[in-house]
Amino acid sequence: MSKWYPKSGRVIFHVDMNSFYASVEMAFNPELKGKPLAIAGNPEERRGIVVTSSYEARKFGVKTTMPVGEAKRLCPDLLVMRPTFERYRTASKEIFKILADVTDLVQPVSIDEGYLDITGCEAQGSPLKIADKIQTRIKEELDLPCSIGIAPNKFLAKMASDMKKPMGITVLRKRDLSKQLWILPIEEMYGVGEKTAEKLKKVKIYTIGDLAHHSTFELKQLLGINGERLQDRANGIDERPVDPEAVHEFKSIGTSTTLAQDTTDDIEVRRIFRQLANKVETRMRNKGVVAKNIQITIRYHDRKTITRSKQQLDFLETGDDLFQVSMQLFDEHWNQTPVRLLGITAQDLAEKSEVTQQLDIFSFEQYASKEKLYKVMENLTEKYGEDTFRSLKNNQEAKVTTSFQKDFLDDYKK
């Protein structure tokens, strides 16, 4: 068994549920099995957005964030259902109970995926045997398919779990990088988004192998410290541990300002919150993080200070979202007396590259519809400066956000 459990290395699993929402619906209603199925918030409207789809639907080209109308044109027999999130959350908790039976070193990263460190599990058999047991238990007990990547670190395990779906088990060793990893297109690398891929292609980096062997100096010039980090990953270097306590971490980015004079003016308060939200957004973007919890600080004319926070269903990253949540909190908790200081703090942070967007019934269409707009704004801001959209942002009114439920990872902490 020693060849599987090296003294100086680790054995990491990445367990990734296959077409999770659709698979849960099929387990709940077996009559849906084998049929093309899509989950969408407004199935009655052709402009509704697909949250996820079954593999039978994907064969026709149905994809996440695709309008329902387009999906039905590609697949005329497509069945479209609304999400049932409580059902998904229940299934997720049962999945993580099964993983916890293998090892205490389990790190959930979203409702349908997580890492395990099985380095100390030699008595349970080879990694392949353990992976097969996990996959079999989840399938037999919950009727849900999953894929598992096995590797010496988290990045390679994540890449491995994507290599064979559904119901795949893939081993990715460092000695196999040239045959299994380096041949993949650069846009298939975990942590490389569309914008980064475009930049890399401009310097003739088309595959993960090209990235692995490119000039480190040029990559740092092109992408900053992230260029060197991505190159390390492409070469199979990733020292991050599987951290069960990661769901308990509450790092934060915040800013506050003392007003020139105490005020009860709603317009002035909104203007201040807009400025604060934009500042926090910039700092989050520079650090490459997103936030799951937003806190505001209110200090009154008599120096009494309160803080109020709200946990979000989805990770937030835009100034618009920060502003909306902050204004909702302020409207709910302001005691109508003059305000001296206001602040916004983004908490429960995670690296953007590590986060899987879990689209919910209230936010997924808004998120999908604005994604291209955000990219255009970001590109123009980089070209013309931070003031490009200031007047637009300052004039927008706050919108009340709706949270379908408490976040899964927040529940997992309890």
Side-chain angles (χ1 to χ4, degrees), residues 41 49 51 64-65 110 191 193-196 198 226 250-257 269-297 308-331 342-404 407 409-410:
I49 302 297
V51 177
T64 300
T65 73
S110 74
E194 180 180 345
K195 186 176 179 182
T196 300
E198 290 175 358
N226 193 46
F250 285 87
K251 298 171 288 185
S252 65
I253 292 177
T255 188
S256 63
T257 185
V269 168
R270 289 175 182 273
R271 184 185 69 81
I272 295 296
F273 268 124
R274 173 61 71 182
Q275 290 180 347
L276 296 173
N278 290 344
K279 288 181 180 180
V280 174
E281 175 195 21
T282 298
R283 292 176 60 191
M284 289 172 60
R285 184 171 66 246
N286 290 340
K287 290 183 177 294
V289 297
V290 289
K292 186 58 74 72
N293 183 287
I294 307 302
Q295 175 183 284
I296 66 166
T297 301
R308 296 292 184 269
S309 64
K310 184 178 181 67
Q311 192 76 7
Q312 304 299 302
L313 173 62
D314 294 324
F315 282 96
L316 306 183
E317 60 179 309
T318 70
D320 286 341
D321 289 336
L322 298 173
F323 171 72
Q324 290 170 15
V325 176
S326 298
M327 284 307 308
Q328 181 183 2
L329 285 167
F330 181 81
D331 290 341
L342 294 171
I344 297 177
T345 302
Q347 302 182 132
D348 198 359
L349 304 182
E351 290 186 23
K352 186 175 179 180
S353 61
E354 297 293 327
V355 172
T356 298
Q357 182 76 21
Q358 292 297 319
L359 303 177
D360 79 282
I361 194 170
F362 294 106
S363 67
F364 71 92
E365 289 190 58
Q366 181 182 23
Y367 180 88
S369 65
K370 289 186 177 181
E371 188 171 13
K372 292 182 179 179
L373 172 62
Y374 292 148
K375 290 180 179 178
V376 171
M377 292 176 69
E378 185 176 346
N379 291 338
L380 290 176
T381 298
E382 287 184 359
K383 186 173 182 180
Y384 296 110
E386 292 291 338
D387 293 334
T388 307
F389 296 98
R390 178 169 294 178
S391 61
L392 172 63
K393 288 186 176 182
N394 286 346
N395 288 329
Q396 287 181 330
E397 290 297 318
K399 297 178 182 178
V400 176
T401 58
T402 306
S403 177
F404 185 83
D407 172 59
L409 292 182
D410 187 46

Next on the checklist: For the residue pair Q311 / D348, report whether a side-chain donor-acceptor contact shorter than 3.5 Å exists.
Outcome noted: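 Yes, because at least one side-chain N or O of D348 sits under 3.5 Å from a partner of the opposite role on Q311.
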Next on the checklist: A277: which residues meet the side-chain contact (heavy atoms from CB on, under 4.5 Å) condition with it, sequence neighbours left out?
Outcome noted: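 Counting only residues at least two positions away or on another chain, A277 forms a side-chain contact (heavy atoms from CB on, under 4.5 Å) with L322, F323, I344.
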Which heavy atom of [X] sits nearest a heavy atom of [Y], and at what distance?
X: A291; Y: L349; answer: CB-CD2, 3.5 Å
X: R283; Y: G254; answer: NH1-O, 2.5 Å
X: T64; Y: V51; answer: CG2-O, 3.1 Å
X: Q295; Y: Q347; answer: OE1-OE1, 3.5 Å

Output the distance between atom [atom1] ([X]) and atom [atom2] ([Y]), rounded to the nearest 0.5 Å.
X: F273; Y: N278; atom1: CZ; atom2: CG; answer: 13.0 Å
X: L329; Y: K310; atom1: CG; atom2: NZ; answer: 7.0 Å
X: K279; Y: S256; atom1: NZ; atom2: OG; answer: 9.0 Å

Item to check | Chi angles and distances behind the side-chain contact (heavy atoms from CB on, under 4.5 Å) call for M327, R270 | outcome: CA-CA 7 Å; M327 284 307 308; R270 289 175 182 273; 3.6 Å; yes
Next on the checklist: Could you walk me through whether E317 and E281 satisfy the side-chain contact (heavy atoms from CB on, under 4.5 Å) test, starting with their C-alpha distance in whole Å, then the side-chain angles of each, then the deciding distance to 0.1 Å, before giving a yes or no?
Outcome noted: CA-CA 6 Å; E317 60 179 309; E281 175 195 21; over 6 Å; no
I'd like to check [X] versus [Y] (side-chain heavy atoms, cut-off strictly below 4.5 Å). Are they in contact?
X: V289; Y: F315; answer: no
X: S309; Y: N293; answer: yes
X: V290; Y: L316; answer: no

Item to check | Test side-chain contact (heavy atoms from CB on, under 4.5 Å) applied to Q328 and D331, step by step | outcome: CA-CA 5 Å; Q328 181 183 2; D331 290 341; 5.9 Å; no
Checklist entry - Taking I294 as the fixed residue, which of V325, T345, V280, D321 is the one that meets the side chain to side chain contact (heavy atoms under 4.5 Å, CB included) rule? => result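 Of the listed options, the one satisfying the test is V325.
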Checklist entry - side-chain contact (heavy atoms from CB on, under 4.5 Å) between L342 and T297: does it pass, once the steps are laid out? => result CA-CA 5 Å; L342 294 171; T297 301; over 6 Å; no
